[in-house]
Amino acid sequence: MKSYDCIIVGSGISAFQLAKHLDKNKQVLIITKLTKEKNNSFKAQGGIAAAMSNDDDWRLHYEDTIQAGCSFQKAQEVEALVKNGPALIQSLIDEGVPFDLNEEGDIRFGMEGAHSRKRIVHSGGDATGKNVMAHLQTTTNDNIEVIENQFVYECIMSPTSNRCIGIRSKSQEGKNYQYFAQSIVLATGGMGGLYKSTSNESSITGDGLALAYRAGAELVDLEFVQFHPTLLHVNGACKGLISEAVRGAGAVLYKGNGERLMGNEPPFFDLAPRHIVAKSIYEARTSGSEVFLDISMIQDFSTKFPTIASLCEENGISINEGAIPVIPGAHFLMGGISVNANGETTVKGLFAVGEAAATGVHGANRLASNSLLEGLYYGKKIAQYLNELSDEGAQEFIEVRTKESVEILELPTKKEIQDKMLHNCGIVRTQVQLENVSKWLEKYAVAHESLASYQTPQIERLFMLQVAKLIVTAALTREESRGAHQRADFLETSNEWQDIHMIQSKKGIEKRALYEQSQVEVNA
Ligand code: SIN
């Protein structure tokens, strides 16, 4: 049995940033489901938002973030995030990350949806995630061990203190392992893979959310699933992201009949907040119209967006013809595992960071290019907190439980789950749709105390069903439309619901108005 100071589950930007900032005398394990390149950070085409240009200020970045998120954030966390942006980018520059420059040799700032200034830094055009991740992964210290291709299926809880003390995992051959640590950090990303159309890496199906829930932690705001407006749509299937930076460079959305799609949505038009653009595309498609992104005005498209140009080419779409067929797809979860400012969940010893965590910075809809920033900021912040943590609650070791015989249910396929979620809990939801899918999910809501005898694909689907049920329950409970949560049967944001958050745990769902207060208590 191996023990560490810190175990990080997941291998995206927040995981590696955290590992990098932990003291070098700490033994750190990064454990990841597939290889360390298979994550959303690596795929990220958009850049990192930071108020660094001469005409910008953190206050403007703050206002844009709050406005995109429909004022549903923890204001002090948003302030800390945007204030820290420039220094975090500067340290990557100092370490040699090649951010794109303009003709004068200064950082080039790009535009994306709902930003009032050009403030997005990119690297390699649309390869920011790949370049930043390559940097973080090649500059890790010797104290960091990386285990790939192991699926973490359980948080080990102390039998005496209700504290998380380790994890159980399975290799691809089905062999069970367990690892112990003083701190366990879930950095597993979101849950885009719960939906048929998604920009996410296909393995991102909500594992961390299910792990935290099963360990007894609280989850919050799960109804806020952001749909990115523009995914490449070929032969009825979604083939990958067409970055918002393309619209930032001037591209325009058109309906099949040649009408401009966002013509009536001032002040941002095609660069309105994502939930607005995604809903417009959804409505156009529902009324029978295809939607295209006109890129004909962008000079040197393939140089500016090499990843997207290759994606189009691989899928038979000619860049030279200037029109890319697009469809919205699940992109980002604003809610997640409830954490305080230091990443602590409501279970002792268990932390969450990155998209898996609900830090309160995104509110009801995330501002473009704030997610890599969130990973950099909280990865470093949590590392600093853990570096100061005393040895209190040091590791206890417990034996692997003997295999229990558990009933193995006939489970739906991944595709069935993804179809059900897209059609019943997608961009626009109704009570009837949500109740239908909720009833369907109910059949699979069994306890599954031990998962040791299950195979990884079965556990993955059980986790998907669990997370789907939590999202649907939150979406049913929120009887209003706000940001990424659009209910066809309820109007936009009513004051009565201001600041009420849906918190879920094994105890059930709570509509908690004093969310901020509860976070203060977690901190105490
Ligand atoms: C994009 O490139 O459009 C995605 C960036 C983001 O999600 O912030």
Side-chain angles (χ1 to χ4, degrees), residues 12-14 39-50 61 64-65 68-69 81-82 85 89 99-100 109-115 118-133 189-192 195 197-201 204 224-233 238-251 253 268 270-278 281 293 295 298 301 304-312 324 326-334 336 354-355 361-363 365-377 483-484:
I13 193 165
S14 57
N39 55 64
N40 284 342
S41 305
F42 229 91
K43 277 171 80 107
Q45 295 175 359
I48 309 176
H61 189 183
D64 294 344
T65 302
L81 177 79
V82 298
I89 301 296
F99 286 107
D100 297 344
F109 297 102
M111 189 63 166
E112 283 181 14
H115 286 273
K118 287 188 172 185
R119 66 164 69 95
I120 322 296
V121 298
H122 288 99
S123 177
D126 53 11
T128 311
K130 190 169 160 210
N131 288 352
V132 173
M133 286 307 296
M191 37 45 69
Y195 288 86
S197 305
T198 179
S199 61
N200 285 196
E201 159 61 43
I204 306 291
F224 296 111
V225 177
Q226 180 178 80
F227 280 74
H228 194 290
T230 55
L231 269 51
L232 176 62
H233 188 225
C238 118
K239 301 289 184 182
L241 185 68
I242 305 295
S243 175
E244 199 159 271
V246 175
R247 275 174 286 135
L253 289 161
F268 292 111
D270 293 80
L271 286 173
R274 282 187 188 157
H275 64 285
I276 296 173
V277 183
I281 299 180
L293 195 55
I295 55 162
I298 303 178
F301 187 90
K304 288 180 181 143
F305 302 105
T307 312
I308 296 170
S310 310
L311 182 71
C312 288
I324 303 179
V326 290
I327 189 175
H331 184 61
F332 191 87
L333 178 65
M334 273 67 71
E355 190 177 345
V361 294
H362 303 306
N365 176 48
R366 173 173 67 75
L367 183 68
S369 286
N370 267 356
S371 60
L372 293 181
L373 177 63
E374 179 189 29
L376 289 172
Y377 171 63

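Just so you know, ligand 1 is whichever comes first in the structure, and atom 1 is the first atom listed for that ligand.
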Taking the side chain as every heavy atom from C-beta outward, state whether Asn131 and Phe99 have any pair of such atoms under 4.5 Å apart.
no
Contact between Gln226 and ligand 1, counting heavy atoms under 4.0 Å?
no
Could you tell me which atoms of ligand 1, counted from 1 in the order shown, lie closer than 4.0 angstrom to a heavy atom of Ala368?
8 (O)
Specify the protein heavy atom at minimum distance from atom 4 (C) of ligand 1: its residue, its atom name, and the distance to 0.1 Å.
Arg274 NH2, 3.5 Å
Element-labelled atoms of ligand 1 that are located less than 4.0 Å from some non-hydrogen atom of His331:
4 (C), 6 (C), 7 (O)
Tell me: protein heavy atom nearest atom 2 (O) of ligand 1, and distance?
Ser243 OG, 2.6 Å
Please check this pair: side chain of Glu355 against backbone of Leu333, looking for a donor-acceptor N/O pair closer than 3.5 Å.
yes
Numbered atoms of ligand 1 (with element) below 4.0 Å of Glu244, judged on heavy atoms
1 (C), 2 (O), 3 (O)
Heavy atom of the protein closest to atom 8 (O) of ligand 1 (residue, atom name, distance):
Ser369 N, 2.6 Å
Check whether any N or O atom of Gly46, backbone or side chain, sits under 3.5 Å from an N or O atom of ligand 1, and answer yes or no.
yes
Rounded to the nearest 0.5 Å, how far does NZ of Lys118 lie from CD of Glu112?
12.0 Å
Distance only, no hydrogens: is a donor on one side chain within 3.5 Å (strictly under) of an acceptor on the other, for Thr307 and Gln45?
no
Can any side-chain N or O of Thr198 pair as donor or acceptor with the backbone N or O of Ala330 at less than 3.5 Å?
yes
Quick one: does Glu374's side chain have a donor or acceptor within less than 3.5 Å of a partner on Val361's backbone?
no
Does Phe224 have its ring centroid less than 6.0 Å away from the ring centroid of His362?
no
For ligand 1 and Ser371, I'd like to know whether there is a polar contact (N/O to N/O, distance under 3.5 Å).
no
